[in-house]
Amino acid sequence: MDGLNASEQREFASRMERKQLKEFMTMYSKMVQRCFDDCVNDFTTKSLVNREEQCIMRCVDKQLKGSARLNERFQNRMLL
């Protein structure tokens with residue numbers, strides 16, 4: 001970024017922010033779909049039953065912890 005003028009730096013930063021947002025939304029969407037597919041199977045009521053809600057909470061927690069762990073490992077690798 002040293003070779004870029006101020007306008008180009010702002011444009012670059014803006015593109016990076018949009019890319020990061022898109023990646024986050026893709027990850028979030030995949031997580032929601034996976035947890036829904038794994039946990040929700042009773043469509044006789046319009047709200048989640050207790051078992052489904054607990055399953056979704058565990059699934060989301062597991063996905064977020066896994067993602068955090070992966071990010072941590074990646075950062076550690078980059079420092080080596």
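These figures come from a predicted structure and were not determined experimentally.
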From [X] [atom1] over to [Y] [atom2], what is the distance, rounded to the nearest 0.5 angstrom?
X: Asn71; Y: Arg73; atom1: CG; atom2: CZ; value: 12.5 Å
X: Ser67; Y: Met31; atom1: OG; atom2: CE; value: 9.0 Å
X: Ile56; Y: Arg34; atom1: CD1; atom2: CZ; value: 13.5 Å
X: Leu4; Y: Glu11; atom1: CG; atom2: CD; value: 10.5 Å
X: Asp38; Y: Lys62; atom1: CG; atom2: NZ; value: 9.5 Å

Q: Measure the distance from the SG of Cys55 to the SG of Cys39 and say whether it is below 2.5 Å.
A: yes
Between [X] and [Y], is any pair of side-chain heavy atoms under 4.5 Å apart?
X: Glu53; Y: Val49; value: no
X: Glu23; Y: Met27; value: no
X: Leu64; Y: Arg69; value: no

**Q.** Common cluster, Phe36/Tyr28, ILVMFWY with side-chain heavy-atom separation under 4.5 Å
**A.** yes
Q: Check the pair Gln33 / Asp37 against side chain to side chain donor-acceptor pair (under 3.5 Å), numbers first and verdict last.
A: CA-CA 6 Å; Gln33 187 65 51; Asp37 290 344; 2.9 Å; yes
Q. Does a donor on one side chain and an acceptor on the other come within less than 3.5 Å for Gln9 and Asn5?
A. no
Q: Measure across Glu52 and Asp42 and return the closest heavy-atom pair with its distance rounded to 0.1 Å.
A: OE2-N, 2.9 Å
**Q.** Contact summary for Cys35 and Gln63, nearest pair of heavy atoms
**A.** SG-CG, 4.3 Å
(Q) Keeping Glu17 on the side-chain end and Ser14 on the backbone end, is there a donor-acceptor pair under 3.5 Å? (A) no
(Q) A quick test of your reading: do over 12 heavy atoms of other residues, nucleotides or ligands sit less than 6.0 Å from CZ of Arg18? (A) yes
